[in-house]
Protein chains: 4
Amino acid sequence: MTDSTKVRQKPGKRERLATAAARVLHEQGVEKTTLADIARAADVPVGNVYYYFKTKDQLVEAAIDAHGQNLQTIIAALDDLPTPQERLKALVGGWVDQRELAARYGCPTGTLAAELDKREDGLDRQIAKIMQVLLDWAEQQFQAMGRSDSRELAVALIAAYQGISLLTNTFRDPELMATEGCRLERWIDSLT
Amino acid sequence: MTDSTKVRQKPGKRERLATAAARVLHEQGVEKTTLADIARAADVPVGNVYYYFKTKDQLVEAAIDAHGQNLQTIIAALDDLPTPQERLKALVGGWVDQRELAARYGCPTGTLAAELDKREDGLDRQIAKIMQVLLDWAEQQFQAMGRSDSRELAVALIAAYQGISLLTNTFRDPELMATEGCRLERWIDSLT
Amino acid sequence: MTDSTKVRQKPGKRERLATAAARVLHEQGVEKTTLADIARAADVPVGNVYYYFKTKDQLVEAAIDAHGQNLQTIIAALDDLPTPQERLKALVGGWVDQRELAARYGCPTGTLAAELDKREDGLDRQIAKIMQVLLDWAEQQFQAMGRSDSRELAVALIAAYQGISLLTNTFRDPELMATEGCRLERWIDSLT
Amino acid sequence: MTDSTKVRQKPGKRERLATAAARVLHEQGVEKTTLADIARAADVPVGNVYYYFKTKDQLVEAAIDAHGQNLQTIIAALDDLPTPQERLKALVGGWVDQRELAARYGCPTGTLAAELDKREDGLDRQIAKIMQVLLDWAEQQFQAMGRSDSRELAVALIAAYQGISLLTNTFRDPELMATEGCRLERWIDSLT
DNA sequence: CATGAATGAGGATTCATTCAT
DNA sequence: TATGAATGAATCCTCATTCAT
């Protein structure tokens, strides 16, 4: 009981750093983000960061993980819905809900992937895994809809999202995402 | 005749730099690319770069322009085709032809856009212009096909390309682009 | 006791840098002085300088402040003297005492002012403030002597000092300062 | 006659460079002025400068010479006046006439001297010579007035000018020069 | 564990000077 | 002579990473 104060005060500095990193890296990009930026955002002294993460790359990895866990949460929520069509459309709906963020900074996973793909760290494989998870989940839904081309459809859906995120961001226009979202929902319905 | 080699080398140092920049920036990303990298790729002494471009940003801008001119060339070639369907499918075919490059480095315009959108330079507006050109051209084709939803379709098409470029790059799998290319061609045919 | 050396060395790294900057900038001039020069003079690694001062200009500003504080100290000491005449003559006496330094590098404030006036930073306003302080103090003394033209006299006195500093420096002849000092003291006495 | 065209077109590129250098160096200071600045001001291609001056320092020297010749011209004009008092007061009057320039950039000779004294080139001796000329001339005038302390007075006069130039420049206030000019004229009259 | 401070390896940029024509 | 272009040595500044306490 005595330590509860301390425990409650810093409920995982490590986690706070990872969360802050996820946000700041999304907003500023990996290369333009300083360790100091992240430390500041997490309200952690710069020197202390290294107690939790040996290198900047490890912090980036933690940020990727955070995005991954976020995705897991989203998927878990979607799985409560009764039909695959509804699940897929709910996914699209979620994207549309985030359109303001996309207009400003693009898709968190997508922009991270684009940037990390320029490197030969394992980091690019890390982000690929997350993308894979989403892809697999979408594939399952299309399969549940009885489509034999489920993989292809899953790729098309995720690609459509990544692409419209990029355009939405490039033109700073959230409406692009909204319009494309409607189109994708109609498309899902048309697949029976 | 003997001096032609040397004589021919100078004429386009500025252009050589822009071309090299376009390539290297695509391959390595803007932030990770050093002026020295570009200078080396263009076989120009670092100090000399500044004779042609006052800042790194100006060199990036020149690289963007190079990509823009490349796009213009492509579009001009496409316009020789008789029907809008053929033109659009030829565009898609071109993307598929470039799938190996996309698998390695992603779409030149798209990755550049993703990275530059993190900045508040005019550079992000510059790349948006190029994307706009492509979008406008695609819209014209859909319009020529008699579609009233030409804008929406154009956005969907370009988004699909940008998205599949990202996935192709993320998974280092050119086949993704090929498959999606076929799907897009079928889709175009279905719109008549 | 053994570690006192090291312990004592840290306490004022920032101040050590400012002091070193004040000296080196006086000796070499602002433009000719490298950050490395100052770092070396303060026995601080170059990279570390930026922990204390974000830019070279901020370091220059700190040096100006150092000169300003030095002036305050001098003025405070002068104010202990009973009559304005004595105070003014003591000021002049101080100048004469520093004539060797003036012969080598000129008046610290004056040379700095001359150089910074070529710039449009706020730095030139910073040095003007210090000059103003000296001017105001001199004016008060002449006022205390009952002179209605106190401002004009103050300007004349400071100008005489700045001018003779320049000549002393130009001709590398400390005697110029000494002679002019005597003249100024006689002049002060003549004003009653 | 045939060469008159050419002769008239470029009446001494060398001289044009020296004049431009004198002006630009006064305005911007030696260190902050690039060769390109001077070349541009003289409307001479950069590469061509080196045909006339082997190094930047030689150009600075030429600028100093230009100021020296300017001084000679002024002195020559003053010498037309009948009495030493009138000559000295005319000198002071000239300073006052130039007060706007002094407020902006200080005294050409003085600021140059201040900057060059920081160097160990012969350049600082060069500027000292010019200052010497002025000093000698003033000394002669005081001598002609029958003063045995002519040297000391000459030094005081020139120092007063250099000092008030600095203050005028520091405070950007031409009036300072005007006021001090009046004071100096009264002072000259009082010496008889 | 915490933290302010230290360090040094780059990276962009400037500019005097040189060169080829 | 004239001139655009070339060159490389400096210089300022950033930042990941380490260290001492």
Side-chain angles (χ1 to χ4, degrees), chain A residues 6 9-10 13-14 30-39 43-60, chain B residues 3 6-7 9-14 17 30-39 43-60, chain C residues 3 6-7 9-14 17 31-39 43-60, chain D residues 6 10 13-14 30-39 43-60:
Chain A
K6 196 160 196 182
Q9 205 176 21
K10 314 187 173 181
K13 230 185 233 187
R14 188 191 170 85
V30 177
E31 298 295 335
K32 293 214 66 169
T33 298
T34 296
L35 264 192
D37 287 340
I38 298 172
D43 196 33
V44 167
V46 217
N48 198 10
V49 173
Y50 280 83
Y51 179 77
Y52 299 96
F53 302 95
K54 298 256 179 247
T55 118
K56 185 187 178 185
D57 275 14
Q58 280 190 19
L59 194 43
V60 175
Chain B
D3 55 7
K6 194 156 197 184
V7 166
Q9 214 175 13
K10 304 217 171 175
K13 210 142 161 190
R14 189 193 171 86
L17 277 165
V30 177
E31 299 294 338
K32 292 216 64 167
T33 298
T34 284
L35 264 191
D37 288 339
I38 298 172
D43 196 34
V44 167
V46 214
N48 196 11
V49 173
Y50 283 86
Y51 184 79
Y52 297 96
F53 301 95
K54 300 240 176 282
T55 80
K56 186 186 176 184
D57 274 16
Q58 277 190 22
L59 193 42
V60 174
Chain C
D3 54 10
K6 194 156 197 182
V7 166
Q9 213 173 14
K10 304 217 170 174
K13 211 143 165 190
R14 187 193 174 87
L17 277 165
E31 299 294 335
K32 292 216 64 168
T33 298
T34 283
L35 266 189
D37 289 340
I38 298 172
D43 195 35
V44 166
V46 214
N48 196 12
V49 173
Y50 285 88
Y51 183 81
Y52 297 96
F53 302 95
K54 300 242 174 281
T55 78
K56 185 184 178 183
D57 275 14
Q58 278 190 21
L59 193 43
V60 174
Chain D
K6 193 159 196 182
K10 316 188 172 183
K13 230 186 237 189
R14 186 190 172 84
V30 178
E31 298 295 335
K32 293 213 66 167
T33 299
T34 68
L35 265 193
D37 287 341
I38 298 172
D43 197 33
V44 168
V46 216
N48 198 10
V49 173
Y50 280 83
Y51 180 78
Y52 298 96
F53 302 94
K54 298 258 181 242
T55 113
K56 186 186 176 182
D57 275 14
Q58 280 190 20
L59 193 43
V60 174

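Lettering of chains follows the sequences in order, A, B, ..., and the numbering in each one begins at 1.
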Would C/I38 and C/V49 satisfy side chain to side chain contact (heavy atoms under 4.5 Å, CB included), going step by step from the backbone distance to the final call?
CA-CA 9 Å; C/I38 298 172; C/V49 173; over 6 Å; no
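- Here the shortest heavy-atom pairing between B/L17 and B/L59 reads O-CD1, 4.2 Å.
- Residue B/K13 has a polar side-chain atom (N or O) positioned under 4.0 Å from OP1 or OP2 of F/dA6.
- In this structure D/N48 satisfies the side-chain hydrogen bond (donor to acceptor under 3.5 Å, both in side chains) test with no other residue, sequence neighbours excluded.
- A donor-acceptor pair is defined here as one N or O able to donate and one able to accept, closer than 3.5 Å; no such pair exists between the side chain of D/K56 and the backbone of D/T34.
- Considering only residues two or more places apart in sequence or on other chains, A/D43 meets the salt bridge (charged side-chain N to carboxylate O under 4.0 Å, His left out) condition with none of them.
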What N/O pairs connect the protein and nucleotides 15-18 of chain F at under 3.5 Å? Give each pair on its own line.
residue	atom	partner	partner atom	Å
F/dA16	OP1	A/K56	NZ	3.3
F/dA16	OP2	A/L35	N	2.9
F/dT17	OP2	A/Y50	OH	3.3
F/dT17	OP2	A/K56	N	2.8

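- Rounding to whole angstrom units, CD of residue C/Q58 and C1' of F/dC13 are separated by 13 Å.
- Both D/V49 and B/V44 sit near DNA chain F, but only D/V49 has its closest nucleotide nearer the 5' end.
- Between B/I38 atom CD1 and E/dG11 atom P the separation is 12 Å, expressed in whole Å.
- Looking only at distances, no side-chain donor or acceptor of D/K32 sits under 3.5 Å from a matching main-chain atom of C/E31.
- Checking E/dA6, F/dT7, E/dC1 against the side-chain heavy atoms of A/Y52 singles out E/dC1 as nearest.
- Considering every non-hydrogen atom in both B/A39 and B/P45, the closest pair reads CB-C, 4.5 Å.
- Every residue meeting the side chain to side chain contact (heavy atoms under 4.5 Å, CB included) condition with D/Q58, not counting sequence neighbours, appears here in chain and number order: D/F53, D/K54, D/T55.
- With sequence neighbours excluded, the residues forming a side chain to side chain contact (heavy atoms under 4.5 Å, CB included) with A/Y50 are A/L35, listed by chain and number.
- In terms of phosphate contacts, B/Y51 brings a side-chain nitrogen or oxygen within less than 4.0 Å of OP1 or OP2 of F/dA5.
- We find that CZ of D/F53 is positioned 16 Å from P of F/dT3, with the value rounded to whole Å.
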Could you spell out the base pairing of DNA chain E in dot-bracket, with Watson-Crick or G-U pairs whose two distances are under 3.5 Å, [ ] crossing and | to another strand?
.||||||||||||||||||||
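- Remark: the separation of the P atoms in E/dC1 and F/dT21 is 23 Å, to the nearest Å.
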